[in-house]
Structure formats: C-alpha cells, structure tokens
**Q** 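Dropping the structure in here first, questions after.
Because only heavy atoms are used, hydrogens play no part in the values below, and waters and symmetry mates are left out as well, while side chains stay in.
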Amino acid sequence: MSNTHQEAIKQFLSLMGNVDEKLNDTFQNMHHGYPTETLARFLKARDWDVPKAYKMLIDCLQWRIQNEIDNILSKPIIPADLYRAVRDSQLVGLSGYSKEGLPVIAIGVGLSTYDKASVNYYVQSHIQMNEYRDRVVLPAATQKYGKHISTCLKVLDMTGLKLSALNQIKLLTTISTIDDLNYPEKTETYYIVNAPYIFSACWKAVKPLLQERTKRKIQVLQGCGRDELLKVMDYSSLPHFCRKEGSGSSRNRSNGTIDNCFSLDHSYHQQLYNYIRHQANLIESGRPIKQGSVHVEFPEPDPEDTKIAKTIESEFQRLADQNGICNSLNGLKINGD
C-alpha cells in the first residue's frame with residue numbers, strides 16, 4: 001500500500017474515532033475485527049477521497065441502524081414454501097471456493113424471474129446472503145486458508161436472458177445500489193458466461209459508461225467458461241451451469257439438486273436458512289416467529305446506475321424493434337410498480 005493510501009486510512013481512522021456510540025457499535029458488527037481493511041474498501045469506492053469515503057460510510061452505518069440490518073439474520077422468510085419460491089426465482093448460491101480461498105457466488109441472471117414474492121422479500125433475501133457471506137462464510141474461509149479473505153468471485157450465468165428481463169430492471173437496480181453503497185468492493189472479479197446475443201449488444205452499449213475500476217473486474221468468457229474458470233478454481237467448485245460445454249441451462253437438473261447451488265436443498269442454502277431460523281429462535285425464545293417481509297428502505301440510485309439502467313432499457317427496446325416485437329413491450333413501465 002502506498003504512503004498516500006496509508007495516510008488516507010490514518011485520516012479516516014481519526015474521523016471514525018469521533019462517531020457516536022450507536023454508529024460505532026454497528027461499525028464493529030460490520031468490520032468483524034478488520035476496521036482498516038473495511039475503511040480501505042470505502043476509500044477505494046470513492047477513489048481514495050477521505051471526506052467522500054467518510055460520508056459514504058456514515059450513510060451506510062445510518063442505513064444499517066434505521067433498517068436494523070444487524071438483526072436481519074434473525075428474520076427468516078417463512079413459511080418454508082415461500083422461501084423455496086424465492087430461491088426458485090432468485091437464482092443465487094455458493095458453489096465452492098477458488099484456489100486462493102475466495103467464495104464463488106453463482107448467479108442465474110437470465111433465468112431469475114423475481115415473480116414468486118413481493119420485491120421486499122427479494123431485497124431481504126439478498127441482504128441476508130450478503131450478511132451471511134460477511135459474518136459466516138468469509139470468516140470461515142479466513143480461518144481455513146490462514147489469511148484474511150474479504151472478497152468473493154461471482155459467476156453470472158446469462159442463459160435464458162430475454163427482452164422480458166426489462167420487467168426486473170427496477171428491482172435489479174435497487175439491489176445493485178444497495179450493494180454499491182453498503183457493501184462496496186466485496187467482489188474481486190465478475191465472470192460472465194453463456195452470454196447470448198442480447199447480452200453482447202447491451203454490453204457494447206454499457207461498457208463505456210462503467211468506471212475503469214469496475215471494467216477491470218468484468219471478464220466475459222466464451223461459452224460456459226469452464227476452461228477459463230478451471231484456472232482459478234477446481235472442478236468441484238465450478239457452478240453447475242459451467243460443468244460441461246453445451247449444458248447451458250441454469251436449471252439443468254442432470255446432477256440433481258445436490259450440485260445445483262441455487263436450490264434450497266443445496267448444503268449452502270440449508271446452512272443459511274437453518275442459521276437464520278436458529279438466530280430467530282434464540283431471540284424469540286419459544287414465541288412463534290413472525291411472518292412477513294422485512295421492509296428495507298431503498299436508497300436513491302446513483303446517477304451512474306440510473307444512466308446504465310436507462311442505457312440497457314433503450315438497448316433492449318432497440319433490439320425489440322429490430323425483432324418486430326415492440327408491441328409486446330408496449331405499456332411496460334420501468335419505474336412504475
């Protein structure tokens with residue numbers, strides 16, 4: 001780390017020494033014994049500008065307090081059938097670890113439908129997976145590999161990406177904004193696999209809008225990306241949709257639900273759900289666990305995120321016009337409910 005960066009961290013630590021007890025408590029819960037590394041993440045996200053990074057972190061801590069994020073892992077989505085429906089329509093899972101010990105998060109972008117529950121449940125589930133990653137998965141990886149591990153790899157499966165994905169752009173922008181503002185610099189690399197033409201067209205339009213720092217993290221791989229991914233992880237950690245050429249589908253069940261890390265029956269989701277239920281039982285101590293989603297305040301999207309969403313929207317519209325199916329998109333409200 002350069003002297004300039006060390007000086008920035010020193011200034012940032014000094015500012016954090018003056019925050020009130022509530023903010024400091026949630027900061028303790030957030031940094032898990034690594035305050036300097038946490039400050040470095042926020043500084044990176046604001047190009048090492050100390051006042052901007054400080055404001056970003058204070059806003060994040062206030063968001064955590066207002067929305068009781070420290071307690072979100074004690075609020076299970078129940079009944080289990082509803083949680084299964086969320087898992088079947090928000091395709092995310094942990095498929096394994098890279099050779100360096102980084103968790104490999106698989107995301108079925110193209111086949112996630114987000115249509116089995118209200119928006120609040122999907123946002124709640126996303127934040128719970130973030131918090132479980134930070135409080136359980138990363139500390140366990142740190143212990144196992146004998147070095148501090150604070151980031152993950154993400155493999156994004158674009159199989160099945162259709163123009164109807166426009167329906168989800170508002171929700172995806174919300175989730176992306178929550179991550180950008182409150183969980184910055186947690187992903188080392190994004191690998192994009194099984195990309196159809198529609199993705200390639202959008203990527204061409206969106207790439208120039210991305211910050212250099214973000215661009216460097218994104219790798220678009222050929223086909224299912226198996227050979228490239230095997231350079232950074234073992235076969236057993238490959239997401240199921242990368243296992244063999246031509247398998248393609250995120251919902252490929254040939255290996256059963258054991259290998260499908262999106263499934264509620266996969267060990268990762270079983271451990272996560274059991275952890276949340278156990279935490280709830282500790283707090284409720286015998287009382288029935290409350291049903292209903294957690295209502296998290298959605299942050300205002302960053303102007304850059306809004307611009308990217310609008311670019312994707314217009315690119316999808318252009319493709320729809322090209323394909324002569326613009327009629328089916330008429331009346332589709334991007335920012336409406």
Side-chain angles (χ1 to χ4, degrees), residues 41-42 44-47 56-57 59-60 63-64 67 69 72 86 89-93 103 105-115 117-134 151-158 161 164-193 195 198-199 202-203 205-220 262 294-316 333-337:
R41 287 196 294 107
F42 280 81
K44 272 185 205 167
R46 290 295 174 264
D47 295 318
M56 182 190 187
L57 179 53
D59 288 347
C60 164
W63 173 81
R64 292 182 71 86
N67 295 286
I69 302 299
I72 203 164
V86 169
S89 50
Q90 181 184 34
L91 304 177
V92 185
I105 312 280
I107 304 172
V109 177
L111 289 171
S112 290
T113 53
Y114 298 99
D115 59 352
S118 73
V119 165
N120 287 305
Y121 281 117
Y122 290 114
V123 171
Q124 176 182 344
S125 174
H126 178 79
I127 293 171
Q128 285 178 330
M129 285 188 279
N130 278 356
E131 291 291 316
Y132 186 74
R133 173 198 66 199
D134 293 351
T151 55
C152 60
L153 304 179
K154 288 186 177 173
V155 185
L156 280 57
D157 180 22
M158 295 293 165
L161 188 67
S164 56
L166 265 181
N167 288 315
Q168 294 131 34
I169 205 157
K170 187 185 173 192
L171 171 59
L172 294 175
T173 303
T174 297
I175 285 174
S176 163
T177 303
I178 286 171
D179 282 356
D180 289 348
L181 297 180
N182 303 294
Y183 303 93
E185 300 296 320
K186 295 299 290 186
T187 304
E188 199 78 20
T189 312
Y190 297 88
Y191 296 102
I192 292 166
V193 302
I198 188 173
F199 169 81
C202 280
W203 177 235
V206 167
K207 195 176 178 183
L209 304 177
L210 298 175
Q211 292 179 350
E212 276 308 315
R213 194 181 67 252
T214 307
K215 257 187 252 185
R216 282 197 297 270
K217 289 183 179 184
I218 299 170
Q219 292 189 32
V220 182
F262 298 150
V294 172
H295 285 246
V296 172
E297 192 184 313
F298 300 165
E300 277 299 305
D302 182 78
E304 283 184 14
D305 285 348
T306 306
K307 194 175 175 186
I308 288 166
K310 288 283 174 201
T311 304
I312 292 170
E313 184 189 339
S314 59
E315 195 58 32
F316 269 44
K333 284 164 92 176
I334 301 307
N335 297 315
D337 291 317

**Q** With sequence neighbours left out, write down each residue that passes salt bridge (charged side-chain N to carboxylate O under 4.0 Å, His left out) with K186, or none if nothing qualifies.
**A**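 Checked K186 against salt bridge (charged side-chain N to carboxylate O under 4.0 Å, His left out); matches are D134.
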**Q** Taking all atoms of both residues into account, what is the closest heavy-atom pair of L156 and Y190, and its distance?
**A**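 Scanning both residues, the minimum pair turns out to be CD1-CD2, 4.2 Å.
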**Q** Please round to the nearest 0.5 Å and tell me the distance separating atom CG of L171 and atom CG of D115.
**A** 11.0 Å
**Q** Donor-acceptor check, side chain of N120 to backbone of H295, threshold 3.5 angstrom: yes or no?
**A**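 No: the side chain of N120 does not pair with the backbone of H295.
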**Q** Within the side chain of Q124, is there an N or O that forms a donor-acceptor pair under 3.5 Å with the backbone of V294?
**A** yes
**Q** Supply the atom-to-atom distance R133 CZ to T187 OG1, rounded to the nearest 0.5 angstrom.
**A** 6.5 Å
**Q** Do S125 and Q90 get their side chains close enough for a donor-acceptor pair, meaning under 3.5 Å?
**A**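 Checked: S125/Q90 side chains pair up, N/O donor to acceptor below 3.5 Å.
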**Q** Heavy atoms only: give me the nearest I198-L161 pair and the separation to one decimal.
**A** CG2-O, 3.6 Å
**Q** Does V92 reach the side chain of H126, with side-chain heavy atoms less than 4.5 Å apart?
**A** no
**Q** Would you compute the distance between atom CD1 of I312 and atom CG of L172 and round it to the nearest 0.5 angstrom?
**A** 8.5 Å
**Q** Apply side-chain contact (heavy atoms from CB on, under 4.5 Å) to the pair L181 and W63, showing each step before the final yes or no.
**A** CA-CA 10 Å; L181 297 180; W63 173 81; over 6 Å; no
**Q** Is the shortest side-chain N to carboxylate O distance from E185 to K217 below 4.0 Å?
**A**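 K217 and E185: salt-bridged.
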**Q** Please determine whether side-chain contact (heavy atoms from CB on, under 4.5 Å) holds for the pair V206 and E315, giving the CA-CA distance in whole Å, both sets of side-chain angles, and the decisive distance to 0.1 Å.
**A** CA-CA 9 Å; V206 167; E315 195 58 32; over 6 Å; no
**Q** Under 4.5 Å between any side-chain heavy atoms of F199 and V109, yes or no?
**A**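 The answer is no; the side chains never approach within 4.5 Å.
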**Q** With sequence neighbours excluded, what pairs up with R64 under the salt bridge (charged side-chain N to carboxylate O under 4.0 Å, His left out) test?
**A** D70, E131
**Q** If you compare all heavy atoms of K154 against all heavy atoms of D179, which two are closest, and at what distance to 0.1 Å?
**A**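 Nearest heavy atoms, K154 then D179: NZ-OD2, 4.3 Å.
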**Q** Write down the atom of A205, the atom of L209, and the distance for their closest heavy-atom approach.
**A** O-CG, 4.1 Å
**Q** Do you know which two heavy atoms are closest between P103 and C152, and how far apart they sit?
**A** O-CB, 3.3 Å
**Q** So among Y114, Y122, F262, which one has a side chain to side chain contact (heavy atoms under 4.5 Å, CB included) with S89?
**A**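 Answer after filtering Y114, Y122, F262: Y122.
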**Q** For the pair S112 (side chain) and L91 (backbone), establish whether a donor and an acceptor sit closer than 3.5 Å, ignoring hydrogens and angles.
**A** yes
**Q** List the atom of P184, the atom of R41, and the distance in Å for their closest heavy-atom pair.
**A** O-NH1, 2.5 Å
**Q** Any chance you could measure N182, atom CG, to I127, atom CD1, to the nearest 0.5 Å?
**A**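 If I round to the nearest 0.5 Å, the distance is 8.0 Å.
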**Q** Any chance NZ of K215 has more than 12 other-residue heavy atoms, nucleotides or ligands included, within less than 6.0 Å?
**A**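 Result for NZ/K215: enclosed.
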**Q** Quick one: CG on L210 to CD1 on I308, what's the gap to the nearest 0.5 Å?
**A**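 Spacing of CG (L210) from CD1 (I308) equals 5.0 Å.
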